[in-house]
Amino acid sequence: MVGGLRAEDHGASQRLAGWVHRRRDLGGLVFVDLRDRSGLVQLSFGPAWTEPESLALAHELGHEDVVLVEGTVERRPEGARNQEIATGDVEVRAVRLQRLSDAVTPAIPVYQSAGEPLPAEELRLQHRVLDLRREELQRNLILRHKLVIAARNYFDGLGFLEVETPMLTKATPEGARDYLVPSRVHKGEFYALPQSPQLYKQTLMISGFDRYFQIARCFRDEDLRADRQPEFTQIDVEASFVEPDDILGWMEGLVVALSQVAGLEAVRPFPRISWADSMERYGSDRPDLRFSLEISDWTKATADVDFGIIRSQVAAGGRVRGLRLPGGARLSRKEIESIEAEAKAAGALGLLWAKRTAEGLSGTLGKFISGTQADALGLGAGDLVVAAAGADKVTSPALAAARMAAAKVLGLTPEREHAWLWVTEFPVFVEEDGVLVAAHHPFVMPHKDDVHLLESNPLAVRGTAYDLVYNGTEFGSGSIRIHLPDLQRRALRVLGLKDEEIDTKFGFLLGALAAGAPPHGGIALGLDRIVQRFTGSGSLRDVIAFPKTTAARALFEGAPTQAGSAELEALGLEVTVGRKRGS
RNA sequence: GGGGCUGUAGCUCAGCUGGUUAGAGUGCCGGUCUGUCACACCGGAGGUCGCGAGUUCGAGUCUCGUCAGCCCCGCCA
């Protein structure tokens with residue numbers, strides 16, 4: 001490896017192989033930066049120490065040629081050292097040079113000079129073989145590897161077993177769209193690629209593998225984002241005879257181990273907040289606790305404020321909630337409106353605000369309130385409040401957006417760099433367009449105090465579900481699962497499933513549960529997202545070796561492709577749309 | 001499914017209210033050069049202006065469509 005050579009290696013004979021990163025040909029002398037994944041080292045070629053044929057070859061080397069070199073490590077002459085690179089005190093004086101591979105001129109540069117912009121991402125994905133040679137991507141994938149190894153060792157140390165589960169599996173009736181794989185043997189039937197190993201890991205619990213984990217690939221056929229890929233990797237965990245505390249404790253230990261690998265800080269225990277509390281105080285189920293700004297309920301404090309919007313929203317059953325921003329009075333109207341714009345983008349009709357300065361009260365809300373009423377909001381001189389009136393469903397996301405926007409506009413410094421958090425007691429069910437759906441998935445064990453509400457008031461049923469949140473990003477979620485077949489059937493009925501449907505779709509699960517199931521639960525963490533945040537990458541694509549585009553295409557190898565008619569026939573398939581583009 | 005941005009030399013970009021021969025830097029090719037490290041200097045080649053229609057005397061530039069990439073909403077834990 002070339003990147004580790006130092007002044008102490010002076011005089012050592014070396015045989016090095018790598019890629020030609022850069023060549024500086026001075027006519028008599030030739031310098032070549034040799035690269036491998038450990039870094040760079042300068043090779044020097046000169047008539048005094050290099051064999052003539054090798055010297056001639058050195059003049060001809062091009063970018064990305066693969067070479068093998070024999071020579072001696074030498075301290076560089078005074079004034080010829082390079083502080084910029086780790087091996088800058090030495091060079092390898094090449095005696096013999098062999099070209100192992102003559103590379104064509106790279107379509108996109110591997111070498112980048114300082115401040116040079118990256119090629120278009122389309123080209124980077126197309127020429128992934130070259131892009132992956134860049135130090136940044138190599139560093140990301142190396143860290144990813146180290147995190148995976150650390151996770152495996154961590155779980156192994158706790159007696160967890162890694163068990164592989166199928167990739168060709170059964171379509172799941174709800175959740176994301178499945179990727180389907182046609183069966184040749186059973187024409188007209190399809191496997192699905194797993195959205196997660198959820199049901200398999202529960203089955204493993206029932207089979208007695210009481211501590212399981214897997215670095216599991218998952219597939220979801222939904223539209224993509226910068227932080228979403230159609231195939232992604234989860235650190236998947238499940239254990240039997242556990243309470244949430246057990247899972248949370250183990251996972252905190254894992255996060256500490258992973259953070260150590262990445263050189264970041266994670267302090268246990270992580271704070272915990274219930275979902276209801278989180279929505280109340282931060283308007284979000286994944287609050288960024290690097291900032292402590294909290295939402296207040298001002299419904300009472302504004303009860304005698306004569307302001308149409310407030311009165312009508314409260315009369316309709318809504319509340320007045322808002323954020324107190326100390327020192328916020330210095331914000332301009334434009335800056336305040338930028339906060340409002342974020343709240344509107346999150347679904348609010350508008351944001352009310354009041355500013356208090358030496359001159360008095362001002363703002364859309366400020367105009368309507370007295371000094372006493374301002375005091376009731378905690379609005380002191382120099383402060384600003386922003387508020388939203390209406391149903392929590394609308395105001396919570398709006399205030400969550402306003403909270404982050406305000407932190408940015410005010411230039412608040414984070415109170416901590418790494419804000420780890422557990423959000424617990426997620427509801428089991430939520431209402432979507434008037435229909436009851438599972439908030440997480442339909443296997444979440446209801447809170448024991450709420451089981452009796454299952455049929456009478458399902459929306460009030462708290463679940464034993466928890467999310468791990470890091471700096472406002474959800475890193476993973478899990479729950480204690482239902483291990484009683486009767487209870488599982490009740491939960492599925494609440495979702496509107498008929499008994500026959502339950503038996504066809506979930507019969508294998510209910511059957512397994514009936515075989516004597518231990519209480520069990522687990523969690524899954526998004527590995528890609530963890531690596532993305534730990535490396536500070538802007539996109540998931542920079543922490544995956546061969547990612548897909550936002551249209552789910554693989555540009556390097558060119559997937560997906562059309563199937564030939566013989567293949568289709570063998571599968572018993574006929575394609576009726578989209579036959580085009582011979583390419 | 002919807003909205004926005006982008007597409008000009010291998011790469012990164014410039015190209016004005018439409019105007020006749022489309023530029024720069026870098027890379028590439030050739031040459032000079034013994035301490036460079038963004039080596040320097042001299043010379044050269046290199047263009048389907050994403051693609052297709054349309055408007056116009058004339059389109060890289062305007063209009064419509066389409067393809068691709070990226071960002072966002074819907075969707076997705």
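Sequence lines set the chain letters: A, B, ... in the order given, protein chains first and strands last, and positions in each chain run from 1.
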Stepwise, does the side-chain hydrogen bond (donor to acceptor under 3.5 Å, both in side chains) test hold for A:Gln198 with A:Tyr200? CA-CA 6 Å; A:Gln198 181 63 35; A:Tyr200 292 110; over 6 Å; no

After noting the C-alpha distance and the side-chain angles of A:Arg133 and A:Arg37, does the key distance pass the side chain to side chain contact (heavy atoms under 4.5 Å, CB included) rule? CA-CA 8 Å; A:Arg133 287 181 185 170; A:Arg37 75 174 153 99; over 6 Å; no

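Note on A:Arg220 versus A:Asp178: no salt bridge recorded, every NZ/NE/NH1/NH2 to OD/OE distance being 4.0 Å or above. Between A:Asp102 and A:Arg99, at least one side-chain N (NZ, or NE/NH1/NH2) sits under 4.0 Å from a carboxylate O, which counts as a salt bridge. A salt bridge links A:Arg177 with A:Glu222: the closest approach of a Lys/Arg side-chain nitrogen to an acidic carboxylate oxygen falls below 4.0 angstrom. Salt-bridge annotation for A:Arg541 and A:Asp131: absent, with no side-chain N of the basic residue lying under 4.0 Å from a carboxylate O of the acidic one.
One P atom belongs to B:rA53, the other to B:rA59, and the distance between them is 13 Å to the nearest Å. Rounded to the nearest Å, the gap between the P atom of B:rG25 and that of B:rC42 is 11 Å. Straight-line distance between the P atoms of B:rG47 and B:rG10: roughly 7 Å, to the nearest whole Å. If you take atom P in B:rC70 and the same atom in B:rG60, they sit 29 Å apart, rounded to whole Å. Taking atom C1' on both B:rC16 and B:rC29, the two are 35 Å apart, rounded to the nearest angstrom. Rounded to the nearest Å, the gap between the C1' atom of B:rC64 and that of B:rC71 is 25 Å. Between B:rC13 and B:rC49, the distance separating the two C1' atoms is 13 Å to the nearest Å. Taking the P atoms as reference points, B:rG52 lies 23 Å from B:rC57, given to the whole Å.
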Can you name the atoms? Protein N/O to nucleotides 70-76 of chain B N/O, anything below 3.5 Å, with the distance.
from, atom 1, to, atom 2, distance (Å)
B:rC70, OP1, A:Thr550, N, 3.2
B:rC70, OP2, A:Thr550, N, 2.7
B:rC70, OP2, A:Thr550, OG1, 2.2
B:rC70, O3', A:Arg541, NH2, 2.9
B:rC71, OP1, A:Arg541, NH2, 2.8
B:rC71, OP2, A:Arg541, NH1, 3.4
B:rC72, OP2, A:Ala226, N, 3.4
B:rC73, OP2, A:Arg225, NE, 3.0
B:rG74, N7, A:Arg225, NH2, 2.8
B:rG74, O6, A:Arg225, NH1, 3.1
B:rG74, O6, A:Arg225, NH2, 3.4
B:rG74, N1, A:Asp223, OD2, 2.7
B:rG74, N2, A:Asp223, OD2, 3.1
B:rC75, O2', A:Glu222, OE1, 2.5
B:rC75, O2, A:Arg228, NH2, 3.2
B:rC75, N3, A:Arg228, NH1, 3.4
B:rC75, N3, A:Arg228, NH2, 2.7
B:rC75, N4, A:Arg225, NH2, 3.4
B:rC75, N4, A:Arg228, NH1, 3.3
B:rC76, O2, A:Arg228, NE, 3.3
B:rC76, O2, A:Arg228, NH1, 2.6
B:rC76, N3, A:Arg228, NH1, 3.0

Pull out every protein N or O sitting under 3.5 Å from an N or O of nucleotides 37-41 of chain B, one pair per line with the distance.
from, atom 1, to, atom 2, distance (Å)
B:rC37, O4', A:Arg24, NE, 2.9
B:rC37, O2, A:Asn82, ND2, 3.0
B:rC37, N3, A:Arg76, NH1, 2.7
B:rC37, N4, A:Arg76, NH1, 3.4
B:rC37, N4, A:Ala80, O, 2.3
B:rA38, O4', A:Tyr111, OH, 3.3
B:rA38, O3', A:Arg22, NH2, 3.1
B:rC39, OP1, A:Arg22, NE, 2.9
B:rC39, OP1, A:Arg22, NH2, 2.5
B:rC39, OP2, A:Arg22, NE, 3.2
B:rC39, N4, A:Asp25, O, 2.1

Name the pairs: protein N/O against N/O of nucleotides 2-10 of chain B, kept only if under 3.5 Å.
from, atom 1, to, atom 2, distance (Å)
B:rG10, O2', A:Ala107, O, 2.6

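Comparing A:Leu118 and A:Gly28, the nucleotide of RNA chain B nearest to each residue sits closer to the 5' end for A:Leu118. Take the nearest nucleotide of RNA chain B for A:His63 and for A:Ser44: the residue whose nucleotide is more 5' is A:His63.
A:Arg93 comes within 4.0 angstrom of a base, heavy atoms only. A:Pro117 comes within contact range of the sugar-phosphate backbone alone, with a heavy-atom separation under 4.0 Å but no base atom that close.
Between A:Tyr466 and A:Trp422, the ring planes are perpendicular. Angles over 60° get that label, and only those under 30° would be called parallel. A parallel orientation is assigned to the rings of A:His63 and A:Tyr111, their planes being inclined by less than 30° (bins at 30° and 60°).
The ring pair (Phe, Tyr, Trp, His ring centres under 6.0 Å) test applied to A:Phe155 returns A:Phe160, A:Phe213, not counting sequence neighbours.
No donor-acceptor pair under 3.5 Å is formed between the side chain of A:Lys170 and the backbone N or O of A:Ala192. A side-chain donor-acceptor contact under 3.5 Å links A:Asp65 to the backbone of A:Gly62.
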Indicate every side-chain donor-acceptor pair of residues 223-230 of chain A with a distance under 3.5 Å to a residue at least two apart or in another chain.
from, atom 1, to, atom 2, distance (Å)
A:Arg228, NH2, A:Asp223, O, 2.7
A:Gln229, OE1, A:Lys548, N, 2.8
A:Gln229, NE2, A:Lys548, O, 2.9

Ignoring hydrogens and angles, write down the donor-acceptor pairs under 3.5 Å from the side chains of residues 433-443 of chain A, residues two or more places apart or on other chains.
from, atom 1, to, atom 2, distance (Å)
A:His441, ND1, A:Phe443, N, 3.2
A:His441, NE2, A:Arg481, NH1, 3.4

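For B:rG74, there is no paired nucleotide, since no Watson-Crick or G-U wobble pair has both relevant distances below 3.5 Å. If you check B:rA22 for Watson-Crick or wobble pairing at under 3.5 angstrom, you find it has no partner at all. Using Watson-Crick or G-U wobble geometry with both donor-acceptor distances under 3.5 Å, B:rG60 finds no partner in any strand shown. Remark: B:rU66 base-pairs with B:rG50; criterion is Watson-Crick or G-U wobble with both hydrogen-bond distances under 3.5 Å. B:rG44 is paired with B:rC28 under the criterion used here, namely a Watson-Crick or G-U wobble arrangement in which both key atom distances are under 3.5 Å.
Across the protein-nucleic acid pair, A:Glu116 atom CD and B:rC11 atom C1' stand 8 Å apart, rounded to whole Å. As rounded to whole Å, 13 Å separates atom P of B:rG27 from atom CD of A:Gln112. Rounded to whole angstrom, the span from the CD atom of A:Gln126 across to the C1' atom of B:rG50 amounts to 12 Å. Note: CZ (A:Arg134) to P (B:rC11) measures 16 Å, nearest angstrom. The interatomic distance linking A:Glu122 (CD) with B:rC11 (P) rounds to 10 Å, in whole Å. Following rounding to the nearest Å, A:Asp102 (CG) and B:rC28 (P) show an atom-to-atom distance of 13 Å.
The base of B:rG35 is not paired with the side chain of A:Arg75 by any donor and acceptor separated by under 3.5 Å.
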